[in-house]
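Proteins come first, then strands; the chains are lettered A, B, ... in the order of their sequence lines, and each starts at number 1. Predicted model, so just to flag it, every value in this text is computed and none were measured.
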Amino acid sequence: MDNDNLSNFIHDIIDADLKSNKYNSKINTRFPPEPNGFLHIGHAKSICLNFGIAEKFQGHCNLRFDDTNPLKESDEYVQSIISDIKWLGFNIQDNILYASDYFEQFYEYALILIKNRKAYVDDQSAELIKINRGTLNKPGENSPNRDRSVEENIMLFENMKAGKYGDGEKVLRAKINMNAPNLNLRDPIMYRIIHTSHHRTDNKWCIYPMYDWAHGLEDSIEKITHSICTLEFEDHRPLYDWYLSQLDIHHPQQIEFARLDLSYTVMSKRKLKELIDNNYVDGWDDPRMPTISGFKRRGYSPESIKIFCNKIGVAKRDSIIDYALLEYCVREDLNKKALRVMAVLNPIKLIIDNYPDDKVEELSAENNPENELDGTRVLPFSKELWIERSDFMEDAPKKYFRLSIGKEVRLKHAYYITCTEVVKNDAGEVIAVHCTYDPKSKGGWTNDGRKVRGTLHWVSTQHAIDAEVRLYDRLFNVENPLNSKKINNFTDAINSSSLSILKNCKLEPSLSNINLDVHYQFLRMGYFYVDSNSTKDKLIFNRTSTLRDSWKKT
RNA sequence: UGGGGGAUCGUUCAAUGGUAGGACACAUGGUUUUGGUCCAUGGGAUUGGGGUUCGACUCCCUAUCCCCCAGCCA
């Protein structure tokens, strides 16, 4: 990945900081997910940004779990996040950290703020705190508990920690300014009481730090230099800075960028979970999901995701990236590495009348025209073949290069054939096509200068293996399901045909010894990848993407 | 209408007072044993109005539009 050439406004800031020796020339970043869901491609953007900066500037990037809310988090999510980041190819062996490992330190820091009269325990109910916070246009009102003595605050805070109060009975608040125009500064809550066991600290704690209190401290403890987050945290930066200044500890610079949004999908963990919970998709790794695990199962390569993340750029304005760009990136990568094979998805029979009944020929086929090193394989050829239903048409339009009666086409790697006759069932559906072949065109070529435009893929019926193939389309019918005038709820825009399952597909026999981790190109049909639920007895392929198709029916 | 951000081809990212450029998408050709790949060509943008300047996407004024914030979520 050549990200040395990458640049964006954050790189510019770092360049300037390096020049002024702001952080002793050591650059540290972090990727801080909350383990409350699976990672999606928006996270991949952040991962590539943060790990990419570490690579480019010879620094470090930590994976740090922001596990400050036991109500929503679990080890299952921790494990999925680790595995997704490893799959993307970033080295995190020694860099997996947890906010929960710093809880003791956070507590000590809180005591310092209390002693400096910068924090107090508040007994007000959640409702009251909300009311007294004021509104966008109205200033807040001081809590009656705001001026408790240091001693009383320490005692109450210790009691909070010791579990003497129930959930919501007390909170620790920073004493800043209830009149601040920035709502985040109106005595924000630092600790709340939650009597729930935590996936790592178990029942050791019943007070848990809020994001704003914890995040800067985590960054500071880890000696992060550039704390990169998304735009909605711009309003939180004054608070981030306030906590660190009060404590007078290492002070990273928070920088905000616009999160990734992709057309025809949704990107919030909450919405994705809603799709799962309501059975619109099969789970976090459903191949239609914009999750890392979804893309993996769909057959995207980690490289294609990284190419994409580096191509979309980093800026501060809200934008929606065209899904077509993602598809371009996966095609670009897979075109180089996918092994070409032949598979007929919607089969009809092709009978070569002048080919000997029992003869079987072994033809040689290249595995990848983009890479000679991928070698060749052997294809069995015989009198009866499967071809694609859409490759025959009775009344073909002018520019149809495929099969219709009287027309000659090439069978890839095999022979020229000319269509002679079509067989239909009682319902008028085509069930078989007859043709003759030209024995002199073996390998799919003659020297007589004949022009044969169409080339079809095929599979010998007696050698074919069966498989199920799953075709995927966009999950939503509108570009921006969360903000579309055409619909009320985002689920109204779900594409009801985002999945279609083909159960009668015929694959060339070389696919019987399948390699699970290989990306295939089914010739002329697209890129395909073995599904994780595939078995020896029931082979299942997912279509990663179609090929670009410049042929448009009139 | 309190505060914080942001407006550049259809989409997205650049241009840091000096020829508005790239990528994707689209269109048209060429090559081709995949209607793939590859190659070439084309159309297409500075939110509006003023100002400063030899020169403005960039600086100033003004108007407009969009996003975020009133969780004991992150």
**Study point:** Whether over 12 other heavy atoms sit under 6.0 Å from A:R450 CZ
**Key:** yes

Would you mind reading off the distance between [X] atom [atom1] and [N] atom [atom2], rounded to a whole angstrom?
X	N	atom1	atom2	value
A:R331	B:rG35	CZ	P	15 Å
A:I81	B:rA74	CD1	C1'	12 Å
A:E169	B:rC72	CD	P	17 Å
A:L185	B:rG2	CG	C1'	13 Å
A:L136	B:rG4	CG	C1'	11 Å
A:Q124	B:rG71	CD	C1'	16 Å
A:N69	B:rC72	CG	P	12 Å

Review point. Out of B:rG4, B:rG36, B:rA70, which has the shortest distance to the side chain of A:T135?
Key: B:rA70

For [N] versus [M], give the span between their [atom1] atoms, rounded off to a whole number of Å.
N	M	atom1	answer
B:rC9	B:rG44	P	14 Å
B:rU53	B:rU58	P	16 Å
B:rC67	B:rC60	C1'	26 Å

**Study point:** Involving RNA chain B, stems made of at least three consecutive Watson-Crick or G-U pairs, both distances under 3.5 Å
**Key:** B:2-7 with B:64-69, B:10-13 with B:21-24, B:26-30 with B:38-42, B:47-51 with B:59-63

Check your understanding: How far apart are the C-alpha atoms of A:D374 and A:N368, what are their side-chain angles, what is the distance that settles it, and do they pass the side-chain hydrogen bond (donor to acceptor under 3.5 Å, both in side chains) test?
Key -> CA-CA 6 Å; A:D374 283 327; A:N368 184 357; 3.0 Å; yes

